[in-house]
Structure formats: C-alpha cells, structure tokens
Amino acid sequence: MGIPPRFIEELRSRVSIVSVVGRRVKLTRKGNEFWGNCPFHNEKTASFSVSDDKGYYHCFGCGAHGDVIKFEMDAGGFSFPEAVEKLAHEAGMEVPAVSEKEREAEKKRASAYDVLETVCRFFENRLYSSAGREGLEYLRKRGLSDETIRRFRLGFAPGGNALKTFLAKEKVPEDAVKAAGVLTFPTDGRSSYDYFRDRVMFPILDRRGKVIAFGGRVMDGSEPKYLNSPDTGVFSKGDVLYAASLSSAQAREKKEIIVVEGYMDVIALHAAGIERAVAPLGTALTERQIAELWKYAPEPILCFDGDKAGQRAAVRAAKRVLPLLKPGYSLRFITLPDDLDPDEYIKERGKASFEDFLTSSCRPLSAQLWTQLTEGKPIDTPERKASLEKDVRDALEEIKDASVKNFYAREFKSKLWELTSPYKAGPQKRGSFKKTARKAYADRFRDRPELTVYHPSLVPEKEEARMMLAYLLAYPDIAAEFLEELAEWDISEPKVRPVFSETLSLMAETPDLQSDELKELLKNAGYAEIFKTIAAETEILSKKRASPREIEDDIRKRLSLLKRKSAEAELKRLAEEISAANDEEAALLWERYRELLKAQAPLA
C-alpha cells in the first residue's frame with residue numbers, strides 16, 4: 001500500500017535534513033547552508049551541500065541529490081517505506097495505514113487539483129473577454145501590465161452562474177467540483193451556484209505552483225470586499241502564503257522575505273522587481289505561516305499599512321510569534337510613512353526609495369513589543385508603574401525559549417529602569433554621587449585583605465567555564481534545572497563559548513536529553529574537539545562519584561560564585577563610570593549602583 005502524499009509532505013517539513021545528514025557527515029555552516037564531504041564518493045574537498053531552507057542535499061562532485069527520505073534510503077540502505085517509518089518515528093509521527101477511504105480521498109484531491117487548474121484558465125480567459133472588461137480596466141488602473149497579469153494568472157469571475165455552466169459543459173463530475181470549492185452547494189435543497197461572481201480573481205498557489213484556491217475582489221464596493229475560497233482537502237487558509245512559489249527564489253537569494261497585507265501589495269512589489277513579497281490570506285498571521293516564513297529567512301519583515309488596521313495586524317503578529325521564538329529566528333517590523341500601503345508607496349516613490357526605507361527603518365521584534373507595551377500608557381504613579389511592570393512580565397512569560405527569554409528580560413529590565421527611575425533627571429550637588437559611589441565601593445572591601453589573595457569568585461573564568469561544560473555533558477538531566485541561569489553567563493573563552501551555547505540550545509529543545517545523546521549531537525554538529533579541551537575537568541568529575549544532590553549543590557554554588565564575581569565587576573565598573581560622568585549621568589548611574597548593591601548578599 002502507498003503512503004499518502006500529504007503525510008510525506010508533512011514529514012519532510014517536520015524533519016531537519018541538516019540534522020539527519022549531520023549524523024553521518026561532519027557539516028560546517030556557511031551562510032544558510034551546510035557543507036561537508038560527500039558520503040557517496042571519496043573526496044578531499046567538501047562539495048556536499050545541505051539546506052533546511054531548500055529541503056534537499058546536493059553534491060557538486062558526483063551529482064547526488066535528494067530530500068531527507070532519499071538520503072536515508074541511499075546512505076542507510078533502507079527501502080522507501082523503511083526510511084519513512086524511521087524518520088516518522090524520530091519526528092513523533094505515526095505512519096498512517098492507507099485505507100480504502102484514504103485512497104479515495106487522495107483521488108479526490110488529485111481531481112480537485114485538475115478542476116482548480118481548469119477553473120483558473122476559465123477565469124484567465126474571461127478577463128480578456130467582453131464579460132471581463134470591467135475587471136481588466138480595474139487592474140490596468142492599478143498599474144498592472146499584461147505581463148504581470150499573466151505572471152500572477154489573474155482573471156475574472158463573471159456574474160450569474162457562468163462557471164457552473166462551463167463546468168457542466170466540460171462534464172466535470174459534481175464530486176470533483178465540490179472538492180475544489182468553486183461552487184456553493186446549499187443544504188436546503190436549492191441548486192448549486194457559483195461561489196465567486198463579478199470579481200477580479202487572484203489564484204492562490206501552493207509551494208509547487210499548483211492552483212489550490214482563489215481570492216476574489218468586488219468591483220462595486222459591496223461587502224465582503226475580498227472573498228477567499230473555503231477550506232478544502234487541498235487548501236487551508238492558515239497554512240498558505242500568497243505568492244510563496246513566486247517569491248522563493250529571491251527570498252533565498254537575499255535571505256529576506258517581506259510580508260505585506262494584501263494581494264495587490266504583493267503584486268505591486270513584484271512588478272517593481274521586489275520579488276520576495278508574500279501575504280497572509282486576509283487573516284492575522286498564523287503560527288503555521290510564521291513557520292513557513294522561517295523556511296525562507298530567519299527574520300521576515302512585516303510591512304503592514306500605517307493605518308489603524310495595519311498596526312493592529314502588527315500587534316497581533318508580535319504577540320503570536322512570542323511562544324515560537326528561538327535563537328536566530330524572529331520577526332522585524334516596518335511602518336510606511338503617511339499611512340501609505342506598499343502599492344501606493346511604490347507608485348509615489350519608486351523601488352529604490354522602498355528598498356532604502358526597508359534597510360533604514362526596520363525595527364526588531366523587541367522594539368515593536370516594547371512600543372506596544374508602553375505606548376499611550378502614563379507611568380506617573382506607583383500603581384501605573386507596577387501595572388507596566390506586570391504587562392512586561394506577562395509578555396515575557398509568553399516566550400518559551402529560555403535563552404531568548406533571558407535576553408528579552410535583561411533588555412526590558414533596563415528599559416523599565418530608564419522609564420521609572422526617580423533619578424532620571426534633576427539637579428544634584430556637583431561631585432556628590434561620585435564621592436558616595438567611591439566610598440561605597442571602598443567600604444565593601446574594607447577589612448577584607450583576603451580578597452586580594454584568593455576568593456572563590458576570583459577563580460579564572462576559563463576554568464569555571466570548562467568545568468561547567470563538563471557538568472552539562474556528564475549530567476544534563478541535573479543541569480537542565482539551571483538552564484535560565486546558565487543562559488545568562490557571557491563566556492569569553494573562544495573555544496568554549498560556541499559549544500556552551502549549542503549545548504544549552506540542545507538541552508532546551510529536548511528536555512530529557514541523556515549524556516550520550518547530547519555528546520553525539522555535539523559531535524555531529526562539529527564540536528568533537530571540545531572533548532579534548534575539557535578532558536581534565538571530565539576526569540575530575542569521573543573521580544568524584546558524587547550523588548545527584550551533591551552535583552546539584554555544586555552547580556548551584558558555582559553559579560552563585562559566578563554571579564557574585566559578575567556583580568563585583570559591574571559595581572567596580574559603575575563606580576569608575578560615576579567618577580567620570582557629569583552630574584546628571586552620575587545620578588542615573590548611582591541609582592543603578594545602589595540597586596545592584598542592595599541585591600548583593602554579603603560576601604561569604
């Protein structure tokens with residue numbers, strides 16, 4: 001029995017081909033792709049390319065090429081069903097048994113594709129007929145050339161039941177028409193009728209370029225202004241991005257994709273040569289669409305209109321993406337001036353101006369979110385300040401990735417302090433903060449001569465970093481409790497920093513990761529040399545034979561000492577800055593100094 005094509009597509013989208021190939025081939029990242037020596041022929045220079053964005057591997061030496069399933073078949077000697085079964089198990093998916101019902105459903109889907117293609121050609125032809133004159137005039141008034149109209153396969157749905165009559169003449173079976181969603185079939189016994197009437201038609205294509213649905217725009221100002229096909233066996237509105245198949249080439253080339261609000265915005269940008277624009281289908285951006293965008297670029301740019309509706313869409317998108325954030329993957333935002341939409345902007349100011357504005361005015365998600373949290377909210381009372389702080393905490397709780405959440409918390413904490421500190425401005429006596437800060441720092445170390453000789457917090461960071469990494473690799477189940485604190489540690493040692501970060505990411509992604517599995521993943525990621533670097537620390541741990549409780553206590557103590565060391569360095573830095581600052585700056589720095597001093601527990 002065959003495996004349903006939809007299941008195969010879902011499997012390919014869920015499984016990282018880089019991770020699968022990386023088990024057998026040592027890969028090195030270069031840009032958005034990974035390179036290594038081809039496993040299918042002997043070579044000394046890496047010519048084997050693997051890309052998650054593209055979903056395939058390619059060897060420029062021997063020509064080997066394929067997707068993740070083919071790699072498992074060729075590299076592992078599996079049959080097609082065996083490779084699918086293996087990958088599905090790793091992805092937590094169950095390979096469906098293909099029943100007669102499923103086979104029948106696949107036939108219906110195949111038939112629906114055929115009907116939709118036929119309907120698309122019908123609409124295209126009608127646009128250039130007398131029935132479509134009004135629609136063609138509308139498109140030309142919007143500045144679209146015949147070439148652009150043909151590229152996007154734009155068309156026109158006549159009034160009445162013109163499409164129903166055409167399909168009947170073509171003897172298209174009613175079941176196939178129902179599966180395509182192009183006619184409405186009332187449940188009260190009335191006859192079926194055309195779903196789209198008197199509308200300019202925008203075919204919606206999947207990533208392969210197959211017609212899966214339509215969007216239609218009225219000519220007379222009636223509502224709804226835009227109407228999309230209903231969900232069918234081949235179309236789900238929340239999964240699809242308009243013009244994705246036409247945008248993929250430039251998006252991957254430039255590693256950038258632009259999200260706009262509507263069909264005409266997409267078409268206007270493409271017509272101007274900005275061929276990396278897509279749009280959701282008249283709804284708020286969904287989680288599935290965000291995941292789809294990340295296949296093209298790690299930080300898609302949301303370019304919504306400057307009016308209230310566009311800004312509401314930006315707010316919804318910022319909130320929607322928070323639980324999905326992961327290292328390197330986010331959203332960026334841009335608001336066009338003067339309430340212009342992209343179509344209007346391009347017409348008024350041209351492609352070069354749009355590209356320049358895109359480069360100069362993009363703001364990161366953190367800036368967009370901060371604006372949403374603070375805009376229009378007075379903070380002139382303690383209660384209002386507390387309310388803002390609560391809103392910030394609530395937003396941070398939406399972020400699931402520990403590392404990303406930590407960096408957002410640090411940035412927003414600093415911004416909150418700048419907004420709410422009573423020492424932001426105001427006259428101060430010259431030199432008062434400088435003298436007080438120097439005295440406070442000196443008092444902290446008075447009568448503590450041992451600190452000039454040895455204190456646990458003064459253990460070289462290099463040694464501490466290696467020992468902590470050894471703990472992570474040996475006891476990931478115990479160390480997992482400290483992920484957020486570990487993510488705050490800014491390691492300076494070049495050999496340890498990248499593998500430490502990768503280790504934390506792997507542990508965050510797979511909470512139950514065991515030591516052997518973690519080590520294997522790091523080796524496959526190209527970090528095999530790190531085990532030599534921390535050999536001495538690993539040997540120390542192997543001789544300890546400590547209990548889980550002792551291991552946990554030791555990690556906690558080491559983290560506490562690291563925090564203390566970091567705080568002492570920050571206190572010293574602030575004291576030096578206060579000494580060199582003017583009065584107003586010194587007031588701000590002194591408040592920060594006092595807060596840090598208050599938070600510090602007495603030295604042990």
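Among residues two or more places apart in sequence or in another chain, the side-chain contact (heavy atoms from CB on, under 4.5 Å) test is passed with A470 by I534, E537, T538, L541. Residues meeting the ring-ring contact (aromatic ring centres under 6.0 Å, His included) test with Y475, sequence neighbours left out: none. Under the side-chain hydrogen bond (donor to acceptor under 3.5 Å, both in side chains) criterion, E355 pairs with R276, not counting sequence neighbours. Remark: K26 pairs with no residue by the side-chain contact (heavy atoms from CB on, under 4.5 Å) rule, at least two apart or across chains. For the ring-ring contact (aromatic ring centres under 6.0 Å, His included) test, residues two or more places apart in sequence or in another chain that qualify with Y263 are F202, Y226, Y242.
Evaluation of the ring pair (Phe, Tyr, Trp, His ring centres under 6.0 Å) test over residues 295-317, restricted to residues two or more places apart or in two chains, returns none. Residue pairs meeting the salt bridge (Lys or Arg N to Asp or Glu O under 4.0 Å) criterion with at least one member in residues 280-304, sequence neighbours excluded: R207-E292, D239-R288, E287-R320, E292-K295, E299-R332. Identified under the ring pair (Phe, Tyr, Trp, His ring centres under 6.0 Å) test for residues 542-567, with sequence neighbours left out: none. Counting only residues at least two apart or on different chains, no salt bridge (Lys or Arg N to Asp or Glu O under 4.0 Å) pair has a member in residues 362-371. Judged as a ring pair (Phe, Tyr, Trp, His ring centres under 6.0 Å), not a single pair has a partner in residues 519-550 (not counting sequence neighbours). Listed by first then second residue, pairs satisfying ring pair (Phe, Tyr, Trp, His ring centres under 6.0 Å) with a partner in residues 358-408 read W370-F412, Y408-F412, not counting sequence neighbours.
Ring pair Y329/W294 is perpendicular by interplanar angle, where above 60° counts as perpendicular and below 30° as parallel.
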Identify every side-chain donor-acceptor pair in residues 391-401 under 3.5 Å, counting partners at least two apart or on other chains, and give the distances.
from, atom 1, to, atom 2, distance (Å)
D391, OD2, K377, NZ, 3.2
D394, OD2, K390, NZ, 2.8
E397, OE2, K405, NZ, 3.2
D401, OD1, S403, N, 3.1
D401, OD1, V404, N, 2.9

